[in-house]
Undergrad: 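Let me begin by handing over the structure; questions about it come next.
Chain letters run A, B, ... following the sequence lines, proteins first and then strands; every chain starts at 1.
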Protein chains: 2
Amino acid sequence: MITSFAGESKHFLDEKSRLSIPAKYRRWLTEEEAEYTFVITKGADPCLIAYPAVEWDKFAEKLRNLSQFKKKNRAFIRTWSRNSIRLKCDKQGRILMPQRLLDFANIKKEVVIIGALNYLELWDPEVLKEHQESQIPLDDDYFEDLADIF
Amino acid sequence: MITSFAGESKHFLDEKSRLSIPAKYRRWLTEEEAEYTFVITKGADPCLIAYPAVEWDKFAEKLRNLSQFKKKNRAFIRTWSRNSIRLKCDKQGRILMPQRLLDFANIKKEVVIIGALNYLELWDPEVLKEHQESQIPLDDDYFEDLADIF
DNA sequence: GATTTCTCCCCACATCTACCCACAATAATA
DNA sequence: TATTATTGTGGGTAGATGTGGGGAGAAATC
């Protein structure tokens, strides 16, 4: 049973565009892994995010409290929803990745899976490398601000 | 069984104006899909909204709390009701779309189906594109407000 | 009541999905 | 180290799904 993801590992899409989810990530809040489901969305960074379905559902539940009579709420819900897809692992623990999402993250064959808190990030290795290099290093000010929280 | 819709997919009306509802959207709160029923209404945005009948019934229940003594309430309920149609999927999971509703959303052949929380949005691809482009981006203030909720 | 239009069941079939089995690779245990 | 269990990978195939169209019966119209 897992309550917080961690770690990084490299995997490969097979000929059928299936991605094997490492066994250690299949036990979110449970020992069962049958019928395990993720919701995959486009990330704010050029990667894909995979939430355990129960986690995504919690967020969706909150979004339902937003009034449909506000245009901005509808726009936000629409954008959020259309980029999310609910996908079930097969009995071998693999997910059939839609081409549309693979294209977004520029994933071709190799996939770096990063376990982060309550979600997984899926990166193309090259994109991840470039993204890390172009990243402005976290400065002291950032950690000063963090200090307000912790 | 689904408790929250997600995703986007493109479909086509056939010669008989039938729209195939993707199988993954036919299992709202149930594993059964026989006799599956949606209520379709005109959206606040230029699209159609399809609620699983049980969800629409919940909303209708809320509307009953509006006082009948207010003219604007009566007008709103009237408009809402006459624009809503209860439609059953045929045995192949298709819905026969009334021309009047198709015209409202300017749907001709292609239909983008967006799964959003507890309803589906049905868009003409062109209209959706234009709508998204003309949309004022969600600004910082909006997310500041959201932060109060989450 | 007769005719036309509409609705929806049924069948057909191409495509896609996900199950199953096989087995290699890795990790865990004796 | 040998043995066993778990995990990852590949690929065939049955069943699910999406799409088209004929036609019987219902509904609307004349």
Undergrad: Does the distance from a Lys or Arg side-chain N to an Asp or Glu carboxylate O, for B:Lys58 and B:Glu55, drop under 4.0 Å?
TA: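 Salt bridge flag = yes for B:Glu55 with B:Lys58.
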
Undergrad: What about A:Val39 and A:Phe59, same hydrophobic cluster or not, with Ile/Leu/Val/Met/Phe/Trp/Tyr joined at side-chain heavy-atom distances under 4.5 Å?
TA: yes

Undergrad: Grab the NZ-C1' distance between A:Lys88 and C:dC16 for me, whole Å please.
TA: 15 Å

Undergrad: Work out how much the helix from C:dG1-D:dC30 to C:dA30-D:dT1 bends between its end axes, five pairs an end, to the nearest 10 degrees.
TA: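 For the helix from C:dG1-D:dC30 to C:dA30-D:dT1, the axes at either end differ by 40°.
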
Undergrad: When you compare the side chain of B:Leu122 with that of B:Met97, does any pair of heavy atoms fall below 4.5 Å?
TA: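 Yes. Closest side-chain heavy atoms under 4.5 Å.
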
Undergrad: Could you tell me the separation between the CD1 atom of A:Ile113 and the NZ atom of A:Lys10, rounded to the nearest 0.5 Å?
TA: 12.0 Å

Undergrad: Tell me: CD1 of A:Ile95 to P of C:dC19, nearest whole Å?
TA: 12 Å

Undergrad: Do A:Leu19 and A:Ile107 sit in the same hydrophobic cluster, where Ile, Leu, Val, Met, Phe, Trp and Tyr count as joined when their side-chain heavy atoms come under 4.5 Å apart?
TA: yes

Undergrad: To the nearest angstrom, how far is A:Leu96 atom CG from C:dT15 atom P?
TA: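 Rounding to the nearest Å, CG of A:Leu96 and P of C:dT15 are 17 Å apart.
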
Undergrad: Between B:Tyr119 and B:Phe5, is the ring centroid distance below 6.0 Å?
TA: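 No: the rings miss the under 6.0 Å criterion.
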
Undergrad: Is it the case that the ring center of B:Phe143 lies less than 6.0 angstrom away from the ring center of A:Phe76?
TA: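 For A:Phe76 and B:Phe143, the ring centres are under 6.0 Å apart.
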
Undergrad: Assigning hydrophobic clusters by single linkage (Ile, Leu, Val, Met, Phe, Trp, Tyr; side-chain heavy-atom cutoff under 4.5 Å), is A:Tyr25 placed with A:Leu96?
TA: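 No, A:Tyr25 and A:Leu96 fall in different hydrophobic clusters.
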
Undergrad: Write down the atom of A:Ile40, the atom of A:Ala50, and the distance for their closest heavy-atom approach.
TA: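 Residues A:Ile40 and A:Ala50, closest heavy atoms: CG1-CB, 4.1 Å.
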
Undergrad: Going only through I, L, V, M, F, W and Y residues with side-chain contacts under 4.5 Å, is there a path from B:Ile114 to A:Trp80?
TA: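 The answer is no; the residues belong to distinct hydrophobic clusters.
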
Undergrad: Quick one: A:Arg26 CZ to D:dG8 C1', roughly how many Å, whole number?
TA: 8 Å

Undergrad: What is the distance from CD of A:Glu110 to P of D:dG8, rounded to the nearest Å?
TA: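 For the pair A:Glu110 CD and D:dG8 P, the rounded distance is 17 Å.
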
Undergrad: Using a cutoff of under 3.5 Å, can you pull out all pairs of nitrogen or oxygen atoms linking the protein to nucleotides 21-26 of chain C, with atom names and distances?
TA:
unit_1: C:dC21; atom_1: N4; unit_2: A:Gln92; atom_2: NE2; d: 2.8

Undergrad: May I ask you to list the residues of residues 11-22 of chain B, by number, that have any heavy atom positioned under 4.0 Å from an atom of DNA chain C?
TA: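 Correct list: B:Lys16, B:Arg18.
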
Undergrad: For A:Asp90 and C:dC19, give me the distance from atom CG to atom P, rounded to whole Å.
TA: 6 Å

Undergrad: Return the value, rounded to whole Å, for the distance between atom NZ of B:Lys91 and atom P of C:dT7.
TA: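 Rounded to the whole Å, the gap is 18 Å.
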
Undergrad: Roughly how far, to the nearest 0.5 Å, is the CZ atom of B:Phe104 from the NZ atom of B:Lys42?
TA: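 Interatomic distance, B:Lys42 NZ to B:Phe104 CZ, rounded to 0.5 Å: 6.0 Å.
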
